[in-house]
Amino acid sequence: MMLSRLMSGSVRNLEREYMCTVRLLDDTEYTCSIQRDAKGQYLFDLICHHLNLLEKDYFGIRYVDPDKQRHWLEFTKSISKQMKSQPPFIMCLRVKFYPPDPAALKEEITRYLVFLQIKRDLYHGRLLCKTSDAAMLAAYILQAEIGDYDPGKHPEGYSSKFQFFPKHSEKLERRIAEIHKAELIGQTPETAELKFLQKAQMLETYGVDPHPCKDVSGNPAFLAFTPFGFVVLQGNKRVHFLKWNEVTKLKFEGKTFHIYANQKEDKKIILTYFAPTPEACKHLWKCGVENQAFYKLEKSSQVRTVSSSNLFFKGSRFRYSGRVAKEVMEQSAKIKREPPEIHRAGLVPSRSCPSITHGPRLSSVPRTRRRAVHISIMEGLESLRDSAHSTPVRSMSHGDSFIPRSRSQAMDSGDGTALISDETYSPSDSVLPTPVAEHSLELAVSRQINGATRSIEEEKESEAGTPAVGDMTELGMDSIVKSIGREAALSETEQVNKFVLSVLRLLLVTIGLLFVLLLLLIILTESDLDIAFLRDIRQTPEFEQFHYEYFCPLRRWFACKLRWVGGLLINK
């Protein structure tokens, strides 16, 4: 009897718990048992305790639902209610808010985790930069993970055994090895990681989190929220940049996303874009609300609940929960403890980011067939759509591939376009699948229209009879342009239909309000109901004046007209 009770009790305990596996930035896994009603904050605190991490506000937990849509786990809500799949749950720890200045982070453990995130971005083709910057970043990774160059351990061509990017040339490999051998000798892993972060921070698109969308003309675009403001990337140009203090409102309805902003000289603008699905649009809106609150506000007490609804209809409501960037920096300055020990991954094989593992390169084809990678930002950002990957990495796109400028100049020139330079390195060919159901031909057309640069090797291959991307695009250009035109016409029709529906809704609401007011007026003037509420209104001087000076003459005029019409009908 006692045994059966113990067994039934253990079964009930198992039913109240479920298993969670969180993949960390170094590709190790943390598995734990969670109560059914546990909230996201509990799981996040467990992970931070496991990592000995105090500056945790920059990080978040990301997961992918069965529809391949990515989400950030909300810490104030139950985990089981947020997950649409069945346990055991698989999630990932990722950088959610990139620190505006990584060197200002208080603890080395925090800098190391941010370093792992940016290294992951580099491998997955989300960090756009010049070839020279790409070589320097890769050399810093080498120095941080294998130390100083040793001829006995590192034979000729040793850098080719490491995969830093989705694709790279032998020339770039040699340059990486040259920098590692000559310029980084003596640097500790901490120093190399810090230099890596400082270099990445200076890239034009540091902190970008791109979301694939389309503009009102049906052209592909990527929306992004950075530590400094809102960015729109289209083709090989940055077409919009709005500082956070200029953005006044973010709103979505269905698949339509709106950004309201006030620029200099009271110039008001509204940007409209279309997400692939309503769920993707809602995720885009939530990310925007959180980034604006984190980077713009002075105190977390200033955070307000925002709504996506219009004036008359209820929409989604969301409130950012957590500290803002200024509070995080102030709290970090108060940390006083012995620096925690850091267990660096080194040469451990990696599941989704094998940037430092031994193995054949993706570019291990003969050099005569290898293309130097000189591709536009759209090609580089194509690999961002990797949410179907088993590790739902945070879509980050960085780039120093724009015209070199200082950080202050980049922030002040919000309306100017920034073009890709001719010597851009764009790691575009990601090995990851693309979950968003976008047509690759549309991306190819955008590249052709926007003038993607082609290297000398590509031109030689084209002359030799090997069709390049642009050549293949020209073959079906007419049909593709026609399809894009049809999509643009459909989008315009949808906008007209939405406008007509909104006008009809407004008209119906107005008629309803007038009808209610008319009923209330009839009850007040014509009925004998002796209710305290009605009696108080009837006794007010304003109502008596309205009743005797306006309502009674109007009623007599209507009665006269009705009698006149009745007389006409009787005489006929």
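Note that the numbering runs from 1 along the sequence shown for the chain. Because the structure is a prediction, the values reported are computed rather than measured.
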After noting the C-alpha distance and the side-chain angles of Cys20 and Met91, does the key distance pass the side chain to side chain contact (heavy atoms under 4.5 Å, CB included) rule? CA-CA 8 Å; Cys20 279; Met91 292 169 271; 3.7 Å; yes
Specify whether Tyr98 and Tyr206 have parallel, tilted or perpendicular ring planes, treating 30° as the upper limit for parallel and 60° as the lower limit for perpendicular. perpendicular
Testing the 3.5 Å rule here: is there a donor-acceptor pair between the side chains of Asp26 and Thr28? yes
Heavy-atom side-chain contact between Ser316 and Phe252 under 4.5 Å: yes
May I ask you to decide whether Glu107 forms a salt bridge with Arg337, counting only side-chain N to carboxylate O separations under 4.0 Å? yes
Greater than 12 external heavy atoms within 6.0 Å of Gln86's CD: no
Side chains of Trp72 and Arg62 in contact at under 4.5 Å (non-hydrogen atoms): yes
Between Asp215 and Gln234: side-chain donor-acceptor atoms closer than 3.5 Å: yes
Measure the spacing between CD1 of Ile61 and CD1 of Ile79 and express it to the nearest 0.5 Å. 7.0 Å
Do Glu55 and Ser332 pair up side chain to side chain, a donor and an acceptor below 3.5 Å, judged on atom types alone? yes
Once rounded to the nearest 0.5 Å, what's the spacing between atom NZ of Lys56 and atom NZ of Lys96? 14.0 Å
Are Glu193 and Arg344 ion-paired here, with the side-chain N under 4.0 Å from a carboxylate O? yes
